[in-house]
Amino acid sequence: MKKFILLFSLLISTTIIIFSCTKDTVTPVDPCTGITISISTSQSAPTTGQNNGSITVTATPNGSYTYSINNGTYQSSNIFNNLAAGTYAIMAKNADGCTSTSTSVTLSATNPCNGVTITLSTTQTEPTTGQSNGSINVTATPNGSYTYSINNGAYQSSNIFNNLAAGTYSIMAKNAIGCTSTSTSVTLSETNPCNGINIVLTPTTTFADLCPTVNNGSLTLGASGSTGFTYSKDGGTTFQASNVFSNLAAANYPVVVKDVNGCTKSQSVTVSPNPGGVKFNAVRNLMVSKCASCHFSGGSLGGVNFDDKCNIVTKWDRINIRCVVQGTMPQAGPLSTSEKQIITDWVNAGHRYID
Ligand code: HEC
């Protein structure tokens, strides 16, 4: 009986103990009750097309937190790096596992060229007239690695554009991250290759014979002030390498000298008829005064006119006969002895135009 009582009381005690333990665990305390975790964020925006944005999280109240982005694994760092543009859900969790509400953070891409100003300056070489030999040399600032484009063409590494004709060109530069300058307009103007060239023309001529008329005059064009000359006597229609023109009639010639660059000098040059010999001219002068309007200035009494010098040469013997041998001309009376001698001297010299 004693044994039974002992066992019974032990059973009761155990029951009491078990009962009292069970009673303690039925009313657990939630550690997150009354806990409000707030988060604030700061952010660094990514540049366009790149994953270089970041979000930095600050949780309050102070404590030991871990952090999650887009419901991912919690990490100890409060900084999320390598983020592209987009909207992210951020949460923080304290040491007791209590979480903040989700905070939405939007990262907007920033243009990497914002605040970048590329300035162009150019120097240029003008093309010569009708040629594509101009050039544009571009300098971009600030210093850096640039490529260059002309007229919206492909970008090239050289900052020099060559072989350009006259015209207006738009120039742009692009830096290593693709930021471009504004377009700069450059106008190339033709330069005359003849500017500063002063060709000096020194023509010399020889007479063309007259009575009879022979086209044996000549023209020699001396030229200086440039090089590579060619020569024209027909106003530039045809050019020749020689500066001598032969077998010319007495006339005015519009000569042109052209140099290696096509620069020209023009001038009218006269190849004169032979002016006649001294004795001939003495005879003619005598006749102009003594034969007067009967045979000059259109007068042609007896069918003879001496306005054309060659008629004097042709009629030399009739003049000699009428004025010297017969003395029947001029009509008003014969020439004096000395006047007759002027005619005789010419006749004896050969009665040619050039005598
Ligand atoms: C006042 C006018 C007059 C003057 C001046 C005159 N003549 Fe005549 N000449 C004539 C007449 C008229 C004839 C036609 C009649 C004749 O043949 O006599 C003529 C004819 C000629 C003839 C052509 C006939 C022939 O013989 O072949 C010659 C040549 C000529 N004259 C030369 C001269 C010379 C040279 C002078 C000047 C030194 C001169 N004459 C001055 C009036 C003139």
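Every heavy atom of this structure was used, including side-chain atoms; hydrogens, water molecules and symmetry mates were not. Keep in mind that this is a model prediction, so the values were computed, not measured. Ligands are counted one by one from 1 in listed order, and the atoms in each one are counted from 1 as well.
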Chi angles and distances behind the side chain to side chain contact (heavy atoms under 4.5 Å, CB included) call for Cys310, Tyr353: CA-CA 7 Å; Cys310 294; Tyr353 177 72; 5.5 Å; no
Residue portion contacting ligand 1 (non-hydrogen atoms closer than 4.0 Å) for Lys315: neither
Residue, atom name and distance, where the atom is the protein heavy atom closest to atom 14 (C) of ligand 1: Gly302 CA, 3.4 Å
Closest to atom 41 (C) of ligand 1 among Pro334, Pro330, Gly333 (heavy-atom distance): Pro330
Candidate with minimal heavy-atom separation from atom 5 (C) of ligand 1, of Gln326, Lys290, Arg322: Lys290
Nearest-neighbour protein heavy atom for atom 37 (C) of ligand 1, which is reported as residue plus atom name and distance: Cys291 SG, 1.8 Å
Residues Asn243 and Thr220: side-chain donor-acceptor under 3.5 angstrom: no
Any protein heavy atom < 4.0 Å from atom 10 (C) of ligand 1: yes
Atom 4 (C) of ligand 1 [closest protein heavy-atom partner, distance rounded to 0.1 Å]: Cys294 SG, 3.3 Å
Metal-centred angle, NE2 of His295 through atom 8 (Fe) of ligand 1 to SD of Met329, rounded to 10 degrees: 170°
Side-chain donor-acceptor contact under 3.5 Å, Thr147 with Ser157: no
Candidate pair Phe239 and Val256, rule side chain to side chain contact (heavy atoms under 4.5 Å, CB included), full reasoning: CA-CA 8 Å; Phe239 284 87; Val256 182; 3.9 Å; yes
Geometric N/O contact Arg318 with ligand 1, under 3.5 angstrom: yes
Sub-4.0 Å atoms of ligand 1 with respect to non-hydrogen atoms of Val304: 22 (C), 23 (C)
Exercise: do Asn252 and Ser268 side chains pair donor with acceptor under 3.5 Å: no
Distance-only N or O hit between ligand 1 and Gln331, under 3.5 Å: no
Heavy-atom closest contact (Ser54 atom, Asn81 atom, distance): CB-OD1, 3.3 Å
Whether Cys323 lies under 4.0 Å from ligand 1, heavy atom: yes
Residue pair Ile118, Tyr146: steps toward the side chain to side chain contact (heavy atoms under 4.5 Å, CB included) verdict: CA-CA 10 Å; Ile118 299 169; Tyr146 293 95; 3.7 Å; yes
Main-chain N/O of Ser185 paired to Ser170 side chain as donor or acceptor, under 3.5 Å: no
